Amino acid sequence: MVVTYDLKAYADNGKNLEFSWDSGLVISDISGLTSVVVNMATSQGVTQVGTSIQDESVNGKDLVIKGTLVGDSALSRKQLIDTFVPEVPVTLVYNNELELRVKPKVTPDVSRHESNAKFQVTVYAAYPYWSKMDKIIINVGGLEPMFSFPINYGETDLEDPKTHMFGRRIQSFFVNAENQGNVSAPFDLIFYAKTQVSNPSLTKVDTGEVIKINRNMVAGEKVSVYMTEDQPRVTSTIGGSEIDIFNDLDYYSTLFELDVGDNLVRYDATVNRDNLDCLLVPMAAFSGAYTYG
């Protein structure tokens, strides 16, 4: 039995396609699916055997997708060429679990056969790690939901009805932000002010790294720090109107990442911390794509 790749491509121009037998686009090989390129700066002493690693950095990577347009190639050829066009970003989705943002590096090269034509396309991932499509939201500070169904308030006059809380405020200064991936990864951060709040911040306890916004937030204002996109962004949203406030990011802020596993973080504000909600949305990133149970 021939095992095919479960891959979908969604281009920012609105075009998309699915690689499968049903669609007539069957992938035979994807190079770079499970690998990343690591640059290593090394040095060697006069009598040293081997080298010492001084620095490491992870590059972007190429993915080369090869396959066959099964049967009549005309429609599949058009879909392929319209989806992978120069300078248009594409989101690849693997096994409906992982996604990767890429840009075409070499647009589709398709043989001129009328049926069963071979194709090859090369894409470049500037951020080389795959991420889980299902995001988790970590409540660092704010209200924790307490109410749920089913519920019993008491069935007889002799029973005291149960009392219930719709929510309770998290009092702990420290919360564990788990990174479920296998590499360090960025996250998005949301501050929400119930009343006026000044200078909200999030600190990574182990290292002392901090993300701080120098701003007097008004009641109902949401400040979002996006670190999982191509370029970091900081925005303020009030009444549905969003503005850029990147300049309010404190000069000494470090846009740190979450280590694999547990990360102890705490949120704070210089004024009205108790009226500040803080949510963290981590990216679960993986160095290679395969099926995660």
Side-chain angles (χ1 to χ4, degrees), residues 2-40 56-70 73 75-111 113 116-135 179-186 227-231 257 260 282-293:
V2 177
V3 179
T4 60
Y5 293 85
D6 183 352
L7 189 73
K8 298 179 179 68
Y10 300 90
D12 285 8
N13 62 5
K15 304 294 184 179
N16 61 78
L17 57 84
E18 177 181 351
F19 293 96
S20 67
W21 282 105
D22 291 339
S23 69
L25 290 142
V26 179
I27 296 175
S28 59
D29 183 61
I30 306 177
S31 66
L33 186 68
T34 59
S35 64
V36 294
V37 179
V38 182
N39 283 334
M40 295 186 180
E56 298 178 73
S57 62
V58 177
N59 275 359
K61 68 176 182 179
D62 290 342
L63 282 83
V64 181
I65 305 171
K66 300 178 182 180
T68 302
L69 307 182
V70 179
S73 302
L75 179 59
S76 298
R77 184 191 306 271
K78 184 179 187 306
Q79 284 184 296
L80 191 63
I81 293 174
D82 287 349
T83 302
F84 294 96
V85 298
E87 300 182 4
V88 176
V90 177
T91 299
L92 298 180
V93 175
Y94 183 78
N95 277 358
N96 293 320
E97 294 179 279
L98 302 176
E99 60 185 4
L100 181 71
R101 289 285 283 177
V102 300
K103 271 192 170 183
K105 188 173 182 180
V106 181
T107 57
D109 183 11
V110 187
S111 65
H113 299 91
N116 297 331
K118 303 297 182 183
F119 72 85
Q120 177 174 310
V121 58
T122 303
V123 296
Y124 180 75
Y127 183 78
Y129 298 143
W130 294 82
S131 64
K132 267 192 175 182
M133 295 181 64
D134 294 334
K135 309 298 182 185
N179 175 3
Q180 297 179 351
N182 65 9
V183 292
S184 298
M227 294 180 283
T228 61
E229 301 179 356
D230 293 339
Q231 295 291 334
E257 295 188 338
V260 176
M283 173 191 286
F286 299 85
S287 57
Y290 58 91
T291 301
Y292 293 83

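Nothing fancy with the numbering, it's 1 onward along the sequence. Since the structure is predicted, the reported quantities are computational estimates derived from the model, not experimental observations.
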Task: Over 12 foreign heavy atoms within 6.0 Å of NZ, Lys78 - done: no

Task: Flag side-chain contact, heavy atom, 4.5 Å: Tyr127 against Met283 - done: yes

Open item on the list: Looking at every non-hydrogen atom in both residues, tell me the closest pair between Lys135 and Ser131 and how far apart they are.
Closed with: NZ-OG, 3.7 Å

Task: Minimum side-chain heavy-atom gap Arg77-Phe119 below 4.5 Å - done: no

- [ ] Sort out for me which residue in Thr228, Asp230, Asp12 forms a side chain to side chain donor-acceptor pair (under 3.5 Å) with Arg101.
- [x] Asp12

- [ ] Keeping the roles fixed (side chain from Asn95, backbone from Glu97), state whether a donor-acceptor pair exists under 3.5 Å.
- [x] no

Task: Heavy-atom closest contact (Thr34 atom, Ala289 atom, distance) - done: CG2-O, 3.4 Å

- [ ] Determine yes or no for a side-chain-to-main-chain donor-acceptor pair under 3.5 angstrom, with Ser111 supplying the side chain and Lys118 the backbone.
- [x] yes

TODO: Determine whether Pro86 and Thr107 make a side-chain contact, defined as any pair of heavy atoms from C-beta on separated by less than 4.5 Å.
DONE: yes

- [ ] Decide yes or no on side chain to side chain contact (heavy atoms under 4.5 Å, CB included) for Lys132 and Leu98, but give the supporting numbers first.
- [x] CA-CA 5 Å; Lys132 267 192 175 182; Leu98 302 176; 4.0 Å; yes

TODO: Let me see the working for Asn182 and Tyr129 under side chain to side chain contact (heavy atoms under 4.5 Å, CB included), right down to the final yes or no.
DONE: CA-CA 10 Å; Asn182 65 9; Tyr129 298 143; over 6 Å; no

Task: Side-chain heavy atoms of Phe84 within contact of Val106, under 4.5 Å - done: no

Open item on the list: Distance check, rounded to the nearest 0.5 Å: Tyr5 atom OH versus Ile65 atom CD1?
Closed with: 10.5 Å

Open item on the list: So which atom in Ala125 and which in Leu63 form the shortest heavy-atom distance, rounded to 0.1 Å?
Closed with: CB-CD1, 4.4 Å

Open item on the list: Main chain of Lys66, side chain of Ser28: is a donor-acceptor contact present, judged purely on distance under 3.5 Å?
Closed with: yes

Task: Taking every non-hydrogen atom, the tightest pair across Trp130 and Lys61 - done: NE1-NZ, 4.0 Å

TODO: Any chance you could lay out the side chain to side chain contact (heavy atoms under 4.5 Å, CB included) test for Val123 and Val90, step after step, and finish with the verdict?
DONE: CA-CA 9 Å; Val123 296; Val90 177; 6.0 Å; no

Open item on the list: Less than 4.5 Å apart, side chain to side chain, heavy atoms only: is that true for Leu7 and Val93?
Closed with: no

Open item on the list: If I take atom CZ from residue Phe19 and atom CD1 from residue Ile30, how far apart are they, to the nearest 0.5 angstrom?
Closed with: 8.0 Å

- [ ] Please answer whether the main-chain N or O of Leu25 pairs with a side-chain N or O of Ser76 as donor and acceptor at a distance below 3.5 Å.
- [x] no

Open item on the list: Give me the atom names and distance for the closest heavy-atom approach of Gly60 to Pro128.
Closed with: CA-CB, 4.3 Å

Open item on the list: Rounded at 0.5 Å granularity, tell me how far CG in Leu17 sits from CG in Asp82.
Closed with: 9.5 Å

Open item on the list: Would you compute the distance between atom CG of Leu80 and atom NZ of Lys15 and round it to the nearest 0.5 angstrom?
Closed with: 13.0 Å

TODO: Return the minimal non-hydrogen interatomic distance between Met40 and Glu56, and the atom names on each side.
DONE: CE-OE1, 3.5 Å

Task: Leu69 and Asn116, any side-chain heavy atoms less than 4.5 Å apart - done: no

TODO: Without swapping roles, check the side chain of Lys105 against the backbone of Asp62 for a donor-acceptor pair under 3.5 Å.
DONE: no

Task: Nearest-0.5 Å distance, OH of residue Tyr10 to OG1 of residue Thr91 - done: 9.5 Å

TODO: Please tell me if the side chains of Val64 and Gln120 come closer than 4.5 Å, counting only heavy atoms from C-beta onward.
DONE: yes

